[in-house]
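Only one structure is covered here, and it is reproduced in the block below.
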Amino acid sequence: MYKHTMVGIVTLCAAALIGPTVGTSSAAPATVPVTAHRQLQDPVLVDCLWHPEVRPTDFMLACGDGNSRLTSLRWTSWNANSATATGINVVNDCKPYCAVGKFHSFPVTVRLDSAQTWKRHPQVRQYGEITLTYPGARPDKFQHTVTYPLWN
């Protein structure tokens, strides 16, 4: 981690030193500001570490204890309104308690909805809701379809 930090610092310093020497041309084409460009992109899914993700193959649902996660996600759509995938929900049964519980896998369809401005990065939109639909077996006490708000 120290190596990555030092590389970042050296790169930043080099850019600061070189930046003023690079001139601009009046003939240079106009560019769209980064913030305007990001607003036109599809929403992201924000993970437990506040990283924006697009079409992740894995996603942690239970950030605090890791007792529920999505794996093997295969996205069939991802657009400004919603995203849909199939995958596996791996859930700890917490019997008799979570530390000694067993993990079980359940096929699931995932849908992301309610795109909204991401409070941490207002130029980015994020999905605000996730719905899991279990076509067959499902975790104890779960409904066939469950919907959760996503953090923002």
Side-chain angles (χ1 to χ4, degrees), residues 1-12 14-15 19 28-152:
M1 183 156 152
Y2 175 77
K3 179 182 174 185
H4 295 293
T5 303
M6 288 307 296
V7 169
I9 291 170
V10 170
T11 303
L12 182 61
T31 59
V32 176
V34 174
T35 55
H37 176 68
R38 288 294 296 169
Q39 287 176 335
L40 299 176
Q41 292 183 352
D42 291 336
V44 297
L45 180 60
V46 178
D47 70 12
C48 294
L49 300 175
W50 301 104
H51 297 137
E53 298 184 332
V54 176
R55 296 178 182 260
T57 55
D58 298 299
F59 185 75
M60 185 66 61
L61 289 170
C63 293
D65 58 16
N67 284 324
S68 180
R69 69 183 184 276
L70 299 171
T71 64
S72 305
L73 293 173
R74 293 188 182 137
W75 297 94
T76 54
S77 70
W78 189 287
N79 60 54
N81 299 315
S82 65
T84 306
T86 57
I88 304 294
N89 185 197
V90 181
V91 180
N92 187 346
D93 63 16
C94 292
K95 292 179 183 174
Y97 52 94
C98 294
V100 295
K102 291 185 173 67
F103 283 89
H104 303 275
S105 298
F106 302 93
V108 67
T109 298
V110 178
R111 181 175 171 95
L112 304 175
D113 288 299
S114 301
Q116 56 193 310
T117 300
W118 185 9
K119 291 178 184 174
R120 287 180 173 243
H121 299 281
Q123 72 278 14
V124 178
R125 294 178 64 230
Q126 72 165 118
Y127 292 112
E129 186 175 82
I130 188 167
T131 300
L132 307 176
T133 302
Y134 300 92
R138 58 185 181 262
D140 289 345
K141 301 181 183 175
F142 276 46
Q143 298 294 318
H144 173 69
T145 300
V146 292
T147 300
Y148 304 107
L150 291 167
W151 39 91
N152 59 16

Original post:
Where do H144 and P135 come nearest, in terms of heavy atoms and distance?
Top reply: CE1-CA, 4.2 Å
Original post:
Quick one: does F103's side chain get under 4.5 Å of R69's, heavy atoms only?
Top reply: yes
Subject >> Donor-acceptor contact below 3.5 Å, side chain W78 vs main chain V44 >> reply: no
Subject >> More than 12 heavy atoms of other groups within 6.0 Å of R74 CZ >> reply: no
Original post:
Has the side chain of Q41 got a donor or acceptor atom that lies under 3.5 Å from a matching backbone atom of V124?
Top reply: no
**OP:** Specify the closest pair of heavy atoms between A80 and D42, including all atoms of both residues, with the distance to one decimal.
**Re:** N-OD1, 3.3 Å
Original post:
If you look at every heavy atom in G66 and M60, which pair is closest and at what distance?
Top reply: CA-SD, 3.5 Å
Original post:
Measuring from Y127:OH to R111:CZ, what's the distance to the nearest 0.5 Å?
Top reply: 9.0 Å
**OP:** Look at the aromatic rings of F106 and Y134 and report parallel, tilted or perpendicular, splitting at 30° and 60°.
**Re:** perpendicular
Original post:
Which value, rounded to the nearest 0.5 Å, describes the distance between L45 atom CG and R55 atom CZ?
Top reply: 12.5 Å
Original post:
Between L73 and F59, what is the shortest heavy-atom contact and its length?
Top reply: CD1-CB, 4.3 Å
**OP:** Would you mind reporting whether Q126 and Q116 have side-chain heavy atoms less than 4.5 Å apart?
**Re:** yes
Original post:
When you measure from the side chain of T76 to the backbone N and O of T84, does any donor-acceptor pair fall under 3.5 Å?
Top reply: yes
Original post:
So do T86 and P107 actually touch side chain to side chain, heavy atoms under 4.5 Å?
Top reply: no
Original post:
Can you name the nearest heavy-atom pair linking P139 to V91, along with the distance?
Top reply: CG-CG2, 3.9 Å
Subject >> Under 3.5 Å: donor-acceptor pair, side chain of W75, backbone of P56 >> reply: yes
Original post:
Hey, are the side chains of N92 and D65 touching, using non-hydrogen atoms and a 4.5 Å cut-off?
Top reply: no
Original post:
If we only count heavy atoms from C-beta on, is the D93 to H104 side-chain gap below 4.5 Å?
Top reply: yes
**OP:** Kindly give the heavy-atom pair with the smallest separation between D58 and S72, and that separation in Å.
**Re:** OD1-N, 3.5 Å
Original post:
About how many Å separate CG of L132 and OG1 of T147, when rounded to the nearest 0.5 Å?
Top reply: 7.5 Å
**OP:** Please examine the side chains of K95 and K102, heavy atoms only from C-beta on, and report whether any two atoms are closer than 4.5 Å.
**Re:** no
**OP:** Flag the pair L61 / L70 as yes when at least one side-chain heavy-atom distance between them is below 4.5 Å, and no otherwise.
**Re:** yes
Original post:
In Å, rounded to the nearest 0.5 Å, how long is the span from CG of L112 to CG of N81?
Top reply: 12.5 Å
